[in-house]
> 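Can you read through this structure? Questions will come right after.
Numbering of ligands and ligand atoms starts at 1, following listing order. Numbers here simply count residues along the sequence, with the first being 1.
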Amino acid sequence: MNRLGVRDRAQVLQALCEGNSLRACERIFKRPLGTVVRIVEEVGDMAIDFHRNLPPVKSERIQADELWSFVGQNDRGVAKPDKSKAHDGVTWTYLAIDRDTNLVLAYHNGSRRTVDATKFMKKLAGRLERSSNGEFVVKPTISVDGLKAYRDAIEQAFADTVHAGSYEKTYDRLNKDGEPTPGSRFVGAIRKPIKGSPAYEDINTWRVERENGFMRQANRRFTRKTNAFSKSMIFHERQVAIWMLYRNFCWVPRPRRPRDGSGKWVKRVTPAMEAGLTDRIWTEDDLIERSDQFLVNRISISEKEPEQSANVAEDAPFWVNHSPQHRRAKIHTAECSARRKAFGSTSRTNYAGAWTGFADRDEAITFAAKLEPVNHEECRLCLGSYKMLSTYGRRI
Ligand SMILES: [Zn+2]
């Protein structure tokens, strides 16, 4: 396969992170659309994996918010939304930012309901450094906006281990759902504590709202009133992941004058350097080289697989489903509907990944852990809490 050099691809990548669409890159760099798409694909998959494996950091003040966009079609104002594609429609991108270093700690794409807000808060919890007894090294203060889903989400992800507060803006005219109508005026904000005892001045969302603005300016997919929106969810995810990596590791903010009145300009570094994740400014070339390395590793994993899954008894009680594409391994029982569905098709290795049978549950877990050290789990339907619930009528 003919491949562009690292520098050429790095230029396209940077253009994509500075507000250009795929088609714009095609025209500017005079490369086929497929080449540009493949860069998003490869670097995007690397970036998704990269965020999963980032080491945790300490954070004192965190601001979280969500940002509106849509994939495939905008179902606002559409009489009959087409539900044939599961992910199509309005998508919210959650962001959590550290107020002191401006590092984006966690992000999540999903709905504005509690289930996605909780997933997001759990991701955030996983990004914060804990001491050996399981408590956070620094007890953070999390501020969110007035979205109700955050209350349950914070309760489920953090319980009483954080301070949290909400910054609720009020407008002069609201519709029947309590949302401000177009053209209504901002009249003030109320700061409410949710958990613990957050400092009044720390309950604020201005920094994360500025970050939402950066995201809209730097990603063509997020530009309102254009048809540059994402057409498929996986590419939406990829572009967001690439942007987060670029934003945290490559983007150097402009110099600023400190507020002490000295009048001197101070040079700044990337958020990742401020947070101590790296000691240098990354370039776009670094990202391309990382994605090339990621690709080599992934191919070697998927090539190994067939020999491991050879000679498997059809009636094995435990099964591991491995998807190299999503870098995920899941353990199921033979009775699980997921496994029965996969075996209903003619081929063992289909889009849903490869299946390997085991006589023993622990053996299956060890195998899954070897395939995907950071992303393996037991199926919640056949082996998890739902199973317990149905068998015993109560949660264990
Ligand atoms: Zn299952």
Side-chain angles (χ1 to χ4, degrees), residues 45 48-49 51-53 83-88 91 106 108-111 113-123 125-126 152-153 156-157 232-234 236-238 241 297-298 301-396:
D45 286 352
I48 291 170
D49 183 74
H51 290 297
R52 256 180 223 151
N53 301 326
K83 292 285 171 202
S84 57
K85 291 179 190 157
H87 289 300
D88 269 15
T91 304
H108 179 73
N109 294 309
S111 70
R113 291 198 297 264
T114 309
V115 51
D116 280 301
T118 307
K119 278 183 191 168
F120 165 62
M121 282 295 168
K122 284 188 174 166
K123 276 184 188 175
D152 286 345
Q156 288 195 39
S232 78
M233 193 61 198
I234 180 70
H236 197 70
E237 296 256 2
R238 282 168 175 150
N297 294 344
R298 184 158 75 174
I301 287 174
S302 48
E303 273 176 355
K304 256 186 263 152
E305 207 165 25
E307 63 179 276
Q308 282 168 331
S309 55
N311 303 324
V312 168
E314 286 291 325
D315 55 352
F318 295 99
W319 290 81
V320 173
N321 172 231
H322 180 222
S323 165
Q325 182 71 28
H326 298 106
R327 307 220 46 203
R328 180 179 60 210
K330 213 171 209 180
I331 301 130
H332 296 276
T333 64
E335 293 80 37
C336 183
S337 61
R339 184 252 170 205
R340 277 187 286 134
K341 220 183 260 172
F343 277 54
S345 65
T346 45
S347 118
R348 173 73 59 86
T349 308
N350 55 16
Y351 72 94
W355 291 84
T356 316
F358 291 91
D360 183 86
R361 185 165 168 177
D362 288 334
E363 250 176 63
I365 295 170
T366 318
F367 178 75
K370 219 166 76 186
L371 284 175
E372 295 298 339
V374 290
N375 194 16
H376 63 276
E377 58 176 346
E378 296 190 314
C379 173
R380 294 208 299 156
L381 288 174
C382 60
L383 287 167
S385 50
Y386 290 121
K387 171 75 176 168
M388 297 301 179
L389 197 69
S390 58
T391 309
Y392 302 109
R394 62 187 168 88
R395 241 177 240 291
I396 294 176

> I want to check something: taking the side chain as every heavy atom from C-beta on, are Trp319 and Thr356 in contact at a cut-off of under 4.5 Å?
no

> List in chain and number order the residues that pass side chain to side chain donor-acceptor pair (under 3.5 Å) with Lys123, two or more places apart in sequence or in another chain; answer none if no residue qualifies.
His108

> Could I get the full list of ring pair (Phe, Tyr, Trp, His ring centres under 6.0 Å) partners for Phe318, not counting sequence neighbours?
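Not a single residue meets the ring pair (Phe, Tyr, Trp, His ring centres under 6.0 Å) criterion with Phe318.
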
> Provide the protein N, O or S atoms situated under 2.8 Å from the Zn ion (ligand 1); waters are not included.
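His332 ND1, Cys336 SG, Cys379 SG, Cys382 SG, with waters left out.
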
> Please examine the side chains of Val320 and His376, heavy atoms only from C-beta on, and report whether any two atoms are closer than 4.5 Å.
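When only atoms from C-beta onward are counted, Val320 and His376 do not touch, as no gap falls below 4.5 Å.
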
> Report the C-alpha distance between Arg328 and Glu377 in whole Å, list the side-chain angles of each, state the deciding distance to 0.1 Å, and finish with yes or no for salt bridge (charged side-chain N to carboxylate O under 4.0 Å, His left out).
CA-CA 8 Å; Arg328 180 179 60 210; Glu377 58 176 346; over 6 Å; no

> Excluding sequence neighbours, so at least two apart, what forms side chain to side chain donor-acceptor pair (under 3.5 Å) with Ser111?
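Residues passing side chain to side chain donor-acceptor pair (under 3.5 Å) with Ser111: Asp116.
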
